[in-house]
Peer 1: 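My questions all concern the structure below.
Note on naming: letters A, B, ... go to the chains in the order of the sequence lines (proteins, then strands), and numbering restarts at 1 for each one. Since we're looking at a predicted model, the values are computed, not measured. Atom set for the values below is all heavy atoms of this structure, side chains included, hydrogens, waters and symmetry mates excluded.
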Protein chains: 2
Amino acid sequence: MKIIGVNIKRLREEQGITLRELAKRLNVSASLLSQIETGKASPSLSTLKNIADNFGTTIGELVGEGQKPVENPVVRKQDRKTIKDMAKGMRLFLLSSPDPNKQMEPLLFQLEPKSSSGDSMYKHFGQEFILVLKGTVEITLNDTKYILKKGDSIYFNSSIPHAFRNIDNGLSEALWVDTPPTF
Amino acid sequence: MKIIGVNIKRLREEQGITLRELAKRLNVSASLLSQIETGKASPSLSTLKNIADNFGTTIGELVGEGQKPVENPVVRKQDRKTIKDMAKGMRLFLLSSPDPNKQMEPLLFQLEPKSSSGDSMYKHFGQEFILVLKGTVEITLNDTKYILKKGDSIYFNSSIPHAFRNIDNGLSEALWVDTPPTF
DNA sequence: CCCTTTGTCAAGTCTTATTTAACAAATACT
DNA sequence: AGTATTTGTTAAATAAGACTTGACAAAGGG
């Protein structure tokens, strides 16, 4: 995990602070920090957490999750890939090219009148964000139902059982971003 | 970091696999895995990486970054908070309530004709996703310029120097999600 | 009932994270 | 110039704790 050291060093130098100074803040020896930055030692989780906190970042960032370059950044409207086998009357469009390094998964979904995500509720790791672009969507979190009209948005943890349903007479459309990617 | 063990145990049980079986796959003793799951020991980074890989997830998820419940999930169109002090002619609306546990930051930005993000380019940790909802936006990654029309989207690493500019005669509007949150 | 399988615990081993102390190279001060 | 002070790095020693072994009780399964 050499990337850890590189990231730490970069953050440190961005703040223009010295290795010894950072070591003091973290309550570790300058030597250890040097070894970590040069990849000669691997920090314990607790010191890694300290480092992340100190820089206001996360362990995930430090270990380089989702750091690698993403190719083919742009997806044109007409080139969107579709995902089919979901619930009936529901269309899903990928708004980004598949890439294992992506942290987020942006999707556009279209719901025919009366269509829904099905009877069982979803529940998984990560978080989700939904912005309604057209129509009206009912979103259920646990037992609570939220009615979202065009322009309304919602943000929740995917570990909360969730489901959604089009309650508009016409087509409903929403942008959906979740993390981590599932497709 | 007791949360690590809880997450691992949950993932393991979701797969319906036994503690000993998982231990074998990871090349560690069942005892160690038990101690980790019950929070009596903290895994080294290398074994934690193995665990994350095994479940097709990330270290970040395992350490519980962005797992805690999010309150007040819904943001109504009329209740959106605005961020001002950005570049001139540029308006930013928060599409989610501030929450330190959020992994993503969904924003709506409106660009007056000829407005841009400024002369210097942005460069920071994380990733970004942009979907153009109205008008035409020019996005620069390193030296490459991309013209995005309504419905086009782009996904890139924030560590790539980036900037954007409205090249439409009218107002341009785009949805912008980045990770981790900066506001 | 016996036999296997489940997860956990105590005690020991051993890797390795971390410290101490010294080093050369660079910067600052006089 | 020279003399400190500060920079990051390294070797060796230490201490912490990750990890193993082996045994245990509880819970099925035959």
Peer 1: Answer yes or no: is there an ion pair linking A:Arg91 with A:Glu112, defined by an N-O contact shorter than 4.0 Å?
Peer 2: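 Between A:Glu112 and A:Arg91 there is a salt bridge, with a charged N closer than 4.0 Å to a carboxylate O.
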Peer 1: For A:Thr136, is there any backbone N or O sitting under 3.5 Å from a side-chain donor or acceptor partner on A:Ser172?
Peer 2: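 It does hold such a pair.
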Peer 1: For B:Glu21 and C:dT4, what is the distance between atoms CD and P respectively, to the nearest whole Å?
Peer 2: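 Result: 19 Å.
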Peer 1: Can you measure B:Met1 atom CE to D:dG17 atom C1' for me and round it to whole angstrom units?
Peer 2: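 Computing the B:Met1:CE to D:dG17:C1' distance gives 17 Å.
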Peer 1: Which residue lies toward the 5' end of DNA chain D, A:Ser44 or A:Ile17, if each is placed at its nearest nucleotide?
Peer 2: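 Comparing both residues, the 5'-ward one is A:Ile17.
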Peer 1: Once you measure the plane-to-plane angle for B:Trp176 and B:Phe109, does it fall in the parallel (<30°), tilted (30-60°) or perpendicular (>60°) bin?
Peer 2: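 Aromatic pair B:Trp176/B:Phe109 classed perpendicular.
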Peer 1: In whole angstrom, what separates A:Asn27's CG from C:dT20's P?
Peer 2: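 Whole-Å distance recorded here is 12 Å.
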Peer 1: Select one nucleotide: of D:dT20, C:dG7, D:dA18, the one nearest the side-chain heavy atoms of B:Val28.
Peer 2: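 Per side-chain heavy atoms of B:Val28, the pick is D:dT20.
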Peer 1: Test B:Thr57 against B:Asn7 for side-chain contact (heavy atoms from CB on, under 4.5 Å), laying out the working first.
Peer 2: CA-CA 11 Å; B:Thr57 182; B:Asn7 282 332; over 6 Å; no
Peer 1: Short of 4.0 Å, heavy atom to strand atom, which residues of residues 47-55 of chain B count as contacting DNA chain C?
Peer 2: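 Residues of residues 47-55 of chain B that come under 4.0 Å of DNA chain C do not exist, since none gets that close.
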Peer 1: Could you pull out the closest heavy-atom pair between A:Leu108 and A:Leu133, with the gap in Å?
Peer 2: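 Heavy atoms only, the tightest pair is CD1-CD1, 3.7 Å.
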Peer 1: Nearest whole Å is fine: how far is D:dT7 C1' from A:Leu22 CG?
Peer 2: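 These atoms are roughly 14 Å apart.
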Peer 1: From CZ of B:Arg20 over to C1' of D:dT21, roughly how many Å is that when rounded to an integer?
Peer 2: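 Rounded to whole Å, this separation is 12 Å.
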Peer 1: To the nearest Å, give me how far apart CG (A:Leu19) and C1' (C:dA26) are.
Peer 2: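 Spelled out: CG on A:Leu19 to C1' on C:dA26 is 15 Å.
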Peer 1: Measuring only between side-chain heavy atoms, which start at C-beta, is B:Asn50 closer than 4.5 Å to B:Asn54?
Peer 2: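 Counting from C-beta outward, B:Asn50 and B:Asn54 never come under 4.5 Å.
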Peer 1: For the residue pair B:Val63 and B:Gly60, what are the closest heavy atoms and their distance?
Peer 2: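 Looks like CG2-O, 3.2 Å.
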Peer 1: Would you tabulate the nitrogen or oxygen pairs shorter than 3.5 Å linking the protein to nucleotides 9-14 of chain C?
Peer 2:
from	atom 1	to	atom 2	distance (Å)
C:dC9	OP2	B:Lys40	NZ	3.3
C:dC9	N4	B:Ser31	OG	2.7

Peer 1: Rounded to whole angstroms, how far apart are CG on A:Leu26 and C1' on C:dT18?
Peer 2: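 For the pair A:Leu26 CG and C:dT18 C1', the rounded distance is 13 Å.
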Peer 1: Between B:Thr18 and C:dG7, is there a contact of a side-chain N or O with OP1 or OP2 at under 4.0 Å?
Peer 2: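 For C:dG7, OP1/OP2 do have a side-chain N/O of B:Thr18 under 4.0 Å.
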Peer 1: Restricting to non-hydrogen atoms, name the atom on B:Gly151 and the atom on B:Leu131 that form the minimum distance, rounded to 0.1 Å.
Peer 2: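 Taking every non-hydrogen atom into account, O-CD1, 3.7 Å.
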Peer 1: Verify the contact: side-chain N or O of A:Arg12 to OP1 or OP2 of D:dG8, cut-off strictly under 4.0 Å; return yes or no.
Peer 2: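 Yes, A:Arg12 has a side-chain N/O under 4.0 Å of OP1/OP2 on D:dG8.
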Peer 1: Any side-chain heavy atom of A:Arg10 within less than 4.5 Å of one from A:Phe55?
Peer 2: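 No, too far: nothing below the 4.5 Å cut-off.
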Peer 1: Tell me: CD of A:Glu13 to C1' of D:dT7, nearest whole Å?
Peer 2: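 Nearest whole value for this atom pair: 12 Å.
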